[in-house]
Number of protein chains: 2
Amino acid sequence: MPFQIYSDRLMRMQPKTVREQVTNQIRDDLLSGRFEAGSMLREIELASRFGVSRGPVRDAFIQLSNEGYLAYQANRGVTVRRPPNPDDRRFITSVRKQIETHVILKGTPHLTDNSLKNVESALDRLKVACDEGKATTIALRDVEFHESILVACGGDDMLGAWRQLCSRMLLTYTRHQDYAHTYREHFEIFTPLSNKDAQSTVEAIVANIQ
Amino acid sequence: MPFQIYSDRLMRMQPKTVREQVTNQIRDDLLSGRFEAGSMLREIELASRFGVSRGPVRDAFIQLSNEGYLAYQANRGVTVRRPPNPDDRRFITSVRKQIETHVILKGTPHLTDNSLKNVESALDRLKVACDEGKATTIALRDVEFHESILVACGGDDMLGAWRQLCSRMLLTYTRHQDYAHTYREHFEIFTPLSNKDAQSTVEAIVANIQ
DNA sequence: ATACCGTACAATGTTAACAATTAACACCAA
DNA sequence: TTGGTGTTAATTGTTAACATTGTACGGTAT
């Protein structure tokens with residue numbers, strides 16, 4: 001069975017290594033807007049903040065650069081990347097829809113109870129976030145829900161590209177103020193999925209992504 | 001001006017850091033099929049082969065995992081990923097066409113002489129590879145040519161996702177035996193591009209990607 | 001005043017030692 | 001035989017010291 005790089009984050013398990021914890025923490029901070037776009041991140045500063053050495057922080061910088069959040073310059077460190085412009089944003093959304101559609105159509109027949117359970121718990125976490133009403137957390141859970149579907153449908157080959165696209169989008173996450181509606185929309189994705197109704201799932205997903 | 005992570009590889013400059021050299025070397029080896037799909041790569045082994053410490057090799061593993069070549073498991077190291085199945089392959093090709101089309105249509109008007117020169121030298125290197133007739137090198141130069149176009153057209157926001165898609169495709173690069181034809185096809189992409197004829201460039205690109 | 005150069009400092013890059021984890025194997029008991 | 005357990009070797013994870021690079025600042029000559 002293929003291995004999921006971010007399974008710890010996705011399944012909300014305690015990350016095994018310091019590197020994973022640091023990476024997750026910095027990613028969350030980036031999505032929460034704690035770091036200003038264009039600003040530089042210092043290895044030493046973050047290392048001391050987390051109480052670890054520079055090694056894992058370096059690893060996290062490399063990974064987050066590849067995920068699209070940070071820009072890396074040799075001997076000069078990393079800077080926070082800016083969100084995409086509206087034109088690219090529209091295009092990225094279109095590609096995202098295609099990828100999710102492709103993976104769902106292909107993977108729905110092979111869904112297992114276990115993988116569906118992971119999707120369901122992702123939905124639960126989204127609900128908790130919506131109840132709390134904290135926008136940045138909702139954004140995170142939103143993406144994680146979609147990610148859990150891709151994983152459940154065996155879309156490992158697409159996951160990397162999909163994450164690249166989503167990471168940039170997340171930096172300008174905007175949604176209805178109506179958080180209950182946000183949850184309902186995703187619930188209406190899960191329902192047909194759990195019935196292995198690929199066509200309806202795709203329709204709900206395409207309507208959701210915008 | 002945004003920074004290009006792989007510019008050293010793209011411009012065929014001497015990589016500045018050991019990490020970049022190691023990353024490039026391992027990537028080339030992967031594309032040459034030196035490492036069998038599914039096999040494990042050992043930090044110590046590669047470090048001693050390159051005559052460096054494990055640090056840069058670790059960094060390279062993280063990066064190549066994020067690029068889609070390797071699969072990473074905590075405390076267990078990395079394995080070489082398998083190429084995508086035909087179904088996914090077709091889909092990936094379709095998305096690749098869309099991305100390149102989008103970036104070219106948007107970026108052609110803003111092309112500079114300098115950026116065009118980078119594309120031209122990428123084309124030159126492809127020609128050298130075609131003359132030599134070594135398939136793996138041609139595959140590499142082929143992708144680098146397309147990448148240089150994306151960079152020239154300012155497609156930084158798409159580059160990460162595009163690379164994710166291409167990296168997997170490269171693991172099963174197959175092309176005409178007629179290497180001269182391969183070069184000519186790419187020459188016919190460059191010509192309209194250098195004239196800032198976006199429409200013809202896109203047509204040539206779409207015909208080329210398969 | 002301005003341009004140039006050299007020095008000092010602060011940051012990243014690299015290394016090697018040490019810690020923690022994993023997997024394999026031998027061993028023992030039921 | 002089988003199932004579990006402890007040991008051991010191999011590998012990755014982490015750290016801290018050291019090396020190198022890049023930037024900023026101040027002095028000097030023009």
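Values reported hereafter were calculated over all heavy atoms of this structure, with side chains retained and with hydrogens, waters and symmetry mates removed. Note on naming: letters A, B, ... go to the chains in the order of the sequence lines (proteins, then strands), and numbering restarts at 1 for each one. Small disclaimer: the values here were computed from a predicted structure and weren't measured.
Taking atom CD on B:Gln73 and atom P on C:dT21, their separation rounds to 17 Å, with Å as the unit. D:dT14 atom C1' lies 10 Å from atom CG of A:Asp59, rounded to whole Å. One can place CG of A:Asn75 at 5 Å from C1' of D:dT21, the figure rounded to the nearest angstrom. At whole-Å resolution of the value, CD in A:Glu43 and C1' in D:dT14 are 14 Å apart. Taking atom OH on A:Tyr72 and atom P on C:dT12, their separation rounds to 9 Å, with Å as the unit. Rounded to whole Å, atom C1' of C:dA11 lies 13 Å from atom CG of A:Leu46. Atoms CZ (B:Phe61) and P (D:dT12) sit 7 Å apart, rounded to a whole Å. Taking atom CZ on B:Arg76 and atom P on D:dT11, their separation rounds to 13 Å, with Å as the unit.
Put simply, CD on B:Glu45 and CZ on B:Arg54 are 13.5 Å apart, with the number rounded to the nearest 0.5 Å.
Closest to the side chain of B:Arg54, out of C:dG13, D:dG13, D:dT14, is D:dG13. Residue A:Arg42 has its side chain nearest to C:dA11 when only C:dA11, D:dA16, C:dA16 are considered. In this structure, of D:dT12, C:dT14, D:dT14, it is D:dT14 that holds the atom nearest to the side chain of A:Val18. Distance from the side chain of B:Pro56 is smallest to C:dT14 among C:dT14, C:dT22, C:dG13. Distance from the side chain of B:Val52 is smallest to C:dT15 among D:dT14, C:dT15, C:dT14.
Side-chain polar atoms of A:Gln25 and A:Gln21 form no donor-acceptor pair below 3.5 angstrom.
At a threshold of 4.0 angstrom between heavy atoms, the contacts of A:Gly55 include nucleobase atoms, whether or not backbone atoms are also involved.
A salt bridge links B:Arg96 with B:Glu100: the distance from a Lys NZ or Arg NE/NH1/NH2 to an Asp or Glu carboxylate oxygen falls below 4.0 Å.
For A:Arg34, the CZ atom sits in a loose shell: 12 or fewer heavy atoms of surrounding residues, nucleotides or ligands are nearer than 6.0 Å.
Both the sub-6.0 Å distance and the 45° axial angle are satisfied by B:Arg19 relative to the ring of A:Tyr72.
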